[in-house]
Structure formats: C-alpha cells, structure tokens
Amino acid sequence: MKRPMVFAGVCLYAVTFALTRLNASASFACALLCAAASAVCAVLWIAGRARGAGRLVRFGAAGMAGALLLTAGALSCAAELRFRQEPAFAMAGEDQTFTGTVREVVPAGDKSYYIVRADSVSGESVRTDLVVFSMGKFDAAPDDRVTGSRVVLRALSDAQAASWRAKGVFLAAYGGAYDVTQASGRRSARYLFFRLRAALTDRLREQMRPEHAAVATGLLLGDTSQIGDETLQGFRDSGISHLFAVSGLHLTVWTAILFAALSRFGAVSERRRAAVCACFVLFFMALTGFGASVVRAGIMLLITYGAAFVNRRYDGLSALFAALGLMLLREPFAVGDVGLTLSFLTTCGFLLYAKPVSRLIDRMTRRVRRRLPRRLIVRVLTVVIFSVLAAVFTMPAVVAYFGRVSVVAPLANLLCALPAELAMLFSGVAALAAPVAVIAKPCVLLSGLLIRYLLAVTRATAGLPGASAPLASPVFLYLALLGLAVVVVANVLGASDRRRLTALLACAALFYACAGGNALYAGNSFTVQAVPAGDGLCVLVENDGLRVLIGCTGTESYHLEQALRGGAEPALVAALTPGLGSGSLLPEARRLCPHARFLTPEDGTDRTVVLDGNVVLRYINRDGLRCVYVETPRGSCFALGDPGAKAAPKAWLDADVTVSRKRAPAFLRPTGFLFVSGDAPEEAFDTGTDGALTFTASPLGEYAYTGRHYRVYPK
C-alpha cells in the first residue's frame, strides 16, 4: 500500500501545482483525460478478472484508483478556478464598497489583516472571501459585520497569494474607510477560539517581559506578530524559524504528554486514550487557526490514533500522502503554501530516514554502557542528523521561496531544539495555570530563562559568517536539486541502509559546498529589488549588507513590509513624494525603518549622500524631475520618478539598472528596465546584454510580483 499511495500523492501534487497556474478550461480538460484513463484501467481490470490474470487485475485496479484520484483533483481545481477565483478577479477595481462578515483576524505587528466573507460588492450580491490590508487597526472580531467604502479591490498575485489562497482568499482590499458593527446574539465557535487565543496571549504578556512573551506566543501558537523584526530575522538567519511554524513538533509534544498522562490511569484503555488525543488534536488545530502545516500534522495524527482505535497498523508515508491528498482535494491552492511545503518535505525526509538513522545511532552508541551518557549522545546525534536531513530536503524550497540559504542551521538546531520544546511546554502551562500562582510562577521563570537562552544563541549564530546568504546564482539551486534527486532515487530503488545514508551524506556535502560557494559569490554582488506597491515606485538596493530604499510611492504596503523584513534596516530612505496622501508609503516606511535617515523633497533640490562601503546616493527634485541615482563599488541603479523628464545627467542614464515608474521614456535606452507600476505595456520591456548584466524580457504581471532580484557582479 505504501508505494501506490506515495505515487498517487506525488502525481496529485504535481497535477494540482500545474493546474492552479492555468485556468478552469485546462483543469476540466485534464479531468476528462484522467476520467478516460480511469475507463481504460477499468476495462483492463474487467479483462484481467475474466482471464484470471492477477497482475492485470492489480494493475487495472491501481490505475483506476489513481486516475479517479487525479480526476477528483482536476475537478476540484476547475471548480476553485471557475467559481471562486474568476468571480473574485472580476470584482477588482477602485472606489468600491463592500459589506461582509469577519471570518478571521490575522495579527501583523501593530495592525491586523482581516479575512471577510463579503456578501455585497458595489451593490451586487456576491459570496466571496477577501482580505483587508488596512493601514491601521480597526476593532473587529470574528462574526462582526464590516462595511468598507472607497476601497481599492485588487486580485492577489501569485507570490503574495500563496498563504491567502490556501485559505480560499483571492481578493484584497486596500485603503478606504471601514465601519464595524459588533455581532449580536450567539457567537460561532470561530469567535470562541479567537477569544481563547487572545486570552492565552494576554496571560503571557501579563506574566512575562514583552520580548519574552512575544517569543513564547510564537512558540506556543505560531503568532509572530509581536516579535521584533531584528529578533525574527535572527531566527531566520539561524535556520530555526520553523520553531514558530505550528506543525508536527507542537502537536507531537502536547499529544505525547496527554497520552502519557492518560496512561497513568489503568482504567483508561488504549482505544479511549487514542480517542481523547484525537479530540485534542482537533481542538489544537482550531486554536491555532487551521494553518496548512498544522492541518497536515493534525490529519497524520488523526490517522495514527484512528489506526490505534481500530487496531490497524500505521504507515507514516501513507498517512503523509493521504493527508496531502485530502488537503489538496479540499483546497487545491494549498499546494503553494510555504508552510505546507516545508512541513511536508521535512516530514517526508524524517519518515524516509527514521529507521536507517536509528539503526546507525544504535551502532554508534552500542559501546557506551552508562545510561545517562548514552542518552545524551543519542540526543545530540539525533538532533544533528535530523537537522541535516531537514536542511537537505527543504533547501531547494527555502531557496525558491526566500532566496537565502542558512549554513548554521544544524548548529543552531542542536543548541535550540530541546530548549525550544521546553520553553513551549512551560509557556503553555504558565498560560493555562495563570490563576494558580504556585504553578504559573515557576513555569514563567523557567520559560523566561529558556527564551533568554534562545535569543542569545540566535544572535550569536546569526552573526557567524555565511549564516544566511542570498542566492547569488541559480547554479547553486540546480546543484542542490541534483543532490536531492540522488537521495530520492536511492530511496525509490530500495537500496540498503548504507547506500541510502551514503547518498544522504553526499547530498549534505554538496549542500554545504553550494551554500559556502554561494556565500562567497554573493559577497561580490549588489542587488536591486523592485517592490510591488500598486501604482507607484518602490525599490530596494543592497550592497554588502548596506540597504537603501528608494521611492516610497504607491498604495499597497504589503510587499514593502515583507521586503524590509528580509534583512537589515535600510540606512537611508529616499522618498520621491513628501505628502501623506493615498499615493505615499512614507508613513509606512517611517514605521518600518525607525532608525533610518530620511531624504524627502523638503530637504532640498539636489543632494549627495555618502554612506558606508563607498555607496553614494544622489538625489534630484527640480524642474518636474524626481529621480535618485545610487552608485556602489559593484554597480549602479537609476530610479526615475517622472519618466517624461529629459534633464537627468548623462552619466545616470548609463546606470547598470534603471527603474521607471510606468513607461520607459523614449529617449532612455539603457541595457535593461525594471517596471514596478501596474499599467506598463508588455511591449515596453527591453532585452539586452552588457558584459556583467543580463536582462530577460518578462510580462509585468509575472515579474513585478515574484520578488525577483537582479544581481550585478564585478566584470
């Protein structure tokens, strides 16, 4: 049963991944093809039964089951695209009004995002979910009614939508004014869990220091909204940010404690213990908001306890792919969720190598006779090997999603894995037992000490050379994929433990060689990132860790916030507009970069600023021309706020990278362009090569929202 389930799960994942990037017609056509394949397999199954050919019967049955599964997946994609995505995209526009009911509140620092089930948009009766990206925080809770006026509705792009589409959300609301009416009468279970999460968070804040309470809330509930950007970036650079992703680690720890506690009572049978733990899994999934990664882990644990309840054998890989299949059939766009992808790859690696690694550790520690040293050595080896496993299996996905590689992850996991589990456990007990001071205070003390240790370790490991280097060349990603392919082939062929572990070791060596080479290669580059901001200009330039933010115009702040969280705070922010109107992100930039130096039009017409690392920024705001020129030892960037002006200095026009707000001026013919606003025609893109630079033509809708970076290397 294991191999057919794994094969079917992989096929379903691949088909769903492809179809969610196409349209409903393609999905329906794929469903017809899969249904035809199912009919052919049914004929083979019937023929095999008539002739008594066992192999033909098994092939026909397996093929028919797999084809039916793919048919169901394709039909699910077609329905999602036709009845949810397409109607949502058709509602996009400016100066819209809507009314709806708040379904979920997603905290994000000092503001919140609200998922609203809209029942009316601009006077038309609809039924669609949208997420409200408000500039401030309005007081709303699940089940409350919200009316938005003068809002901008935009279709969520592919990169931005990954986590939202996993929740069935395809539309975003920006700006505008909102009127909230509190729900009256009986509240739903969604509201009760929202209040419970808020109560647990408040209890931790009351008992602990703000920084420690924020980390404890992240470990316990996965809520990182109150963790400072610098602290959160330290966890990312150390490769241990997965501790804040509520998934198998959290559920396994809590259910293991609950199962062990129930085992103390002899009258509670194993089937009853399994039933109680299954109920707790459902409760915990609801408490943490049914995130994709926790749902995956929850379904696997439900299958585990279900097998124990009916006295059947449990197979981890089959449960993993069964959980994946159920999630994709329910919500096809969950295939693009970052948390689900990383959780799935990590779990897959653990399940494939759990037994070989256990046998290897047993052989390595066989000669250690004393119990305590043996357990300590086993613990250390287990953490190190499984950290390497997680790094190997998730490395391509991490690079593809985040564009960075952490080479200190095994060391950080070795130092932080067990303390993080204990901190989560003590924080949970402190939150639950807050009224009982005798229990709560010792737990708060222990949790605070452990969190302080975690923060010290992350700061130390994140500061090591090459802790987190940006992807400098796709070659390193291709090599990592090659190494992972070797590991997969070694497992599919059913090789011996020694060969499988040798393949893993070779892949790990290739991974760290790629990561080290990437860190050295990235040190000789400068990066220009066009940050999507709606109808505006927002550019992030980085050279050897020194960052400069240019533009700050537009209506959408989501991508700006995400880009600034990916590294150090910019040393300088050069804004092209002085105002606080709807087309300016300057207030948001001041909030996100409180320690940066701000250069705005009021500061003068022509300015030159010299920064560390021989980075020079020149600023012009006169005669209708608003532009910024950044020159670094490794490249230059010219950001043009007014494409119609011809007064820019000649040297600026020869910059390595030119960023234009809308259409490139006819007189400006540099090697390549980056466009960041929403109305540049596709034919405006240019393609060219200039020694150290290579640019590729790309439609704006594809480029601007991929977070793509252009890197310039010394000639």
Side-chain angles (χ1 to χ4, degrees), residues 20-24 27 76-106 108 111-136 138 140 142 144-180 190 289-290 292 330-337 532-536 554-562 582 677-679 700-702 704-706:
T20 51
R21 282 152 178 78
L22 299 176
N23 51 42
S27 300
S76 178
C77 288
E80 191 80 358
L81 291 166
R82 176 65 181 85
F83 299 109
R84 299 185 71 175
Q85 178 179 277
E86 291 179 5
F89 284 5
M91 300 175 198
E94 298 183 1
D95 198 19
Q96 302 269 43
T97 61
F98 72 87
T99 59
T101 304
V102 177
R103 294 176 56 84
E104 185 177 346
V105 181
V106 182
K111 62 181 180 180
S112 295
Y113 302 143
Y114 302 87
I115 298 179
V116 178
R117 171 66 57 84
D119 48 45
S120 173
V121 174
S122 296
E124 296 185 8
S125 179
V126 299
R127 183 178 173 82
T128 187
D129 290 345
L130 55 88
V131 56
V132 178
F133 292 136
S134 67
M135 296 300 289
F138 56 83
D144 288 349
R145 297 286 296 174
V146 175
T147 300
S149 57
R150 301 187 306 277
V151 301
V152 178
L153 295 182
R154 294 189 184 275
L156 286 166
S157 60
D158 289 339
Q160 179 182 356
S163 60
W164 300 112
R165 287 186 179 183
K167 300 175 180 290
V169 180
F170 300 95
L171 203 62
Y174 299 90
Y178 300 92
D179 181 36
V180 180
R190 187 182 298 110
F290 289 102
R330 168 64 180 84
E331 182 53 68
F333 280 94
V335 72
D337 185 80
D535 187 11
T555 57
E556 302 174 7
S557 62
Y558 175 84
H559 286 285
L560 176 61
E561 184 173 351
Q562 298 302 312
S582 59
S677 70
D679 54 0
L700 177 69
E702 176 185 343
Y705 287 104
T706 57

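All values reported here derive from a predicted model rather than from experimental measurement. Heavy-atom basis, side chains included; hydrogens, waters and symmetry copies ignored.
Between Ser76 and Pro332, some side-chain heavy-atom pair lies under the 4.5 Å cut-off. The shortest distance between side-chain heavy atoms of Glu94 and Arg154 falls below 4.5 Å. Between Thr20 and Val335 there is a side-chain heavy-atom pair separated by less than 4.5 Å. Annotation: side chain of Ile115 is in contact with side chain of Trp164 (closest heavy-atom distance under 4.5 Å). In this structure, Tyr114 and Val131 have side chains that are not in contact, with every pair of non-hydrogen atoms separated by 4.5 Å or more. Under the 4.5 Å side-chain criterion, counting only non-hydrogen atoms from C-beta, Pro142 is in contact with Val105. Counting heavy atoms from C-beta outward, Ser27 and Leu81 have side chains that approach closer than 4.5 Å. Residues Tyr178 and Thr147 have side chains not in contact (no heavy-atom distance under 4.5 Å, counting atoms from C-beta outward).
For the atom pair CD of Glu80 and CZ of Arg330, the computed distance is 8.0 Å after rounding to the nearest 0.5 Å. Rounding to the nearest 0.5 Å gives a distance of 14.0 Å between CG of Asp144 and CZ of Arg103. The line from CG of Leu153 to CZ of Phe89 is 12.5 Å long, rounded to the nearest 0.5 Å. Here CG of Leu171 is found 8.5 Å from CD of Gln96. Values are rounded to the nearest 0.5 Å. Between the SG atom of Cys77 and the CZ atom of Arg82 there is a distance of 15.5 Å, given to the nearest 0.5 Å.
With sequence neighbours excluded, no residue forms a side chain to side chain donor-acceptor pair (under 3.5 Å) with Asp179. Every residue was checked against the side-chain contact (heavy atoms from CB on, under 4.5 Å) condition with Ala90, not counting sequence neighbours, and none meets it. Contacts of Thr99 classified as side chain to side chain donor-acceptor pair (under 3.5 Å), with partners at least two apart in sequence or in another chain: Asp119. Take Thr97 and apply the side chain to side chain donor-acceptor pair (under 3.5 Å) test, not counting sequence neighbours, and it matches no residue. Judged as a ring pair (Phe, Tyr, Trp, His ring centres under 6.0 Å), and not counting sequence neighbours, the contacts of Phe170 are Phe333. Among residues two or more places apart in sequence or in another chain, the side chain to side chain donor-acceptor pair (under 3.5 Å) test is passed with Arg190 by none. Considering only residues two or more places apart in sequence or on other chains, Arg127 meets the side-chain contact (heavy atoms from CB on, under 4.5 Å) condition with Arg117.
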Verdict with reasoning, Phe98 to Leu130, per side chain to side chain contact (heavy atoms under 4.5 Å, CB included): CA-CA 10 Å; Phe98 72 87; Leu130 55 88; 4.1 Å; yes

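In this structure, Ala140 and Val102 approach most closely via the heavy-atom pair CB-CG2, 4.2 Å. When all heavy atoms of Lys167 and Gly289 are compared, the pair lying nearest together is NZ-O, 4.2 Å. Of all heavy-atom pairs between Phe83 and Pro87, the closest is O-CG, 3.6 Å.
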